[in-house]
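Small disclaimer: the values here were computed from a predicted structure and weren't measured.
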Amino acid sequence: MKPTNLLNTLIALVFLPFMLSAQSSSKSSLQGAWKIVEVTYIDQDTSTNTNPQPSLIMFGKDHYSVLNIAGEKPRALFKGEQPTTEEKVSVYDSFFANAGTYEVNGSTLTTHPSVAKNPNFMAGGSAKFQYNIKGNTLWMTSRGGDFLFLIDGKLRPLSGPSSETRLKLSRVE
């Protein structure tokens, strides 16, 4: 083995435990239950919601789960025992849910849903977030192209104008 190859191998072996420990530490600091406490949308206009509807985001060792009520208003209750089609659509449109596995690479968190409300998302899709944790606060930022869905047999980002969503979460457990 050439001296430069040997040196590179030794350097890699010395630093590998530190790199693995840093990734493990990042994942372990994510582990637990979180709720969204603030949402900022940045597109042609910028808006911030400091009183978002209920949510629960959970991270285990390798798995995650997201349940979230989208929008700024509470969901309307059904008027009777059997909801109307319009009531069902309203509830479906206001609810966001998916669960699966996740991975951390530096400050990038990537989720891979195995089950989701949207079948095109769970059919091989993924979502990427830039994230940062300080104490019991987690910030997650995504851009429009960071979510991939299976459309016409190909993984594609959603179409539409460029946007960014910034989530501020608080640890609940």
Single-linkage hydrophobic cluster Phe78~Ile69, side-chain heavy atoms < 4.5 angstrom: no

Thr137 OG1 to Leu169 CG distance, which is reported to the nearest 0.5 Å: 9.0 Å

Pair Tyr102 + Phe129: ring centers closer than 6.0 Å: no

Derivation of the salt bridge (Lys or Arg N to Asp or Glu O under 4.0 Å) call for Arg171 and Glu173: CA-CA 6 Å; Arg171 187 183 297 276; Glu173 183 180 300; over 6 Å; no

CG on Asn118 to CZ on Phe147, rounded to 0.5 Å: 11.0 Å

Pairwise distance CD(Glu38) to OG(Ser170) - rounded to 0.5 angstrom: 11.5 Å

Gly100 versus Ser114, closest heavy-atom pair with distance: CA-OG, 3.6 Å

Closest non-hydrogen atom pair between Asp43 and Ser163, with its separation: CB-CB, 3.9 Å

Tyr41 OH: over 12 foreign heavy atoms closer than 6.0 Å: no

Note, Tyr131 side chain near Val104 side chain (heavy atom, < 4.5 Å): yes

Test item: side-chain donor near acceptor, Thr40 and Thr48, under 3.5 Å: yes

Arg156 and Leu148, any side-chain heavy atoms less than 4.5 Å apart: no

Listed partners of Asp62 passing side chain to side chain donor-acceptor pair (under 3.5 Å), at least two apart: Lys27

Minimum-distance pair of heavy atoms, taken over all atoms of Pro52 and Ile36: CG-O, 3.4 Å

Residues Gln130 and Ser107: side-chain donor-acceptor under 3.5 angstrom: yes

Sub-4.5 Å side-chain heavy-atom contact between Asn98 and Val115: no

Residues which pass ring pair (Phe, Tyr, Trp, His ring centres under 6.0 Å) with Phe121, listed by chain and number, not counting sequence neighbours: Phe149

Ser29 side, atom OG; Asn136 side, atom CG - distance, nearest 0.5 Å: 11.0 Å

Pairwise side-chain contact, Gln31 with Lys61, heavy-atom cut-off 4.5 Å (strictly under): yes

Non-hydrogen side-chain atoms of Tyr64 and Pro113 separated by less than 4.5 Å: yes

Beyond-backbone contact of Trp34 with Val172, side-chain heavy atoms, under 4.5 angstrom: no

Non-hydrogen atoms of Phe59 and Leu30 that approach each other most closely: CB-O, 3.4 Å

Other residues, nucleotides, ligands: >12 heavy atoms within 6.0 Å of Met122 CE: yes

Check: Glu87 and Lys79 side chains under 4.5 Å, non-hydrogen atoms: yes

same_hphob_cluster(Ile57, Ile133) at 4.5 Å side-chain heavy-atom cutoff: yes

Lys88 and Glu86 ion-paired at < 4.0 Å: no

Flag, side chain of Ser94 to backbone of Ser90, donor-acceptor distance under 3.5 Å: yes

Test item: Leu56 and Lys35 side chains (from C-beta on) under 4.5 Å apart, heavy atoms: no

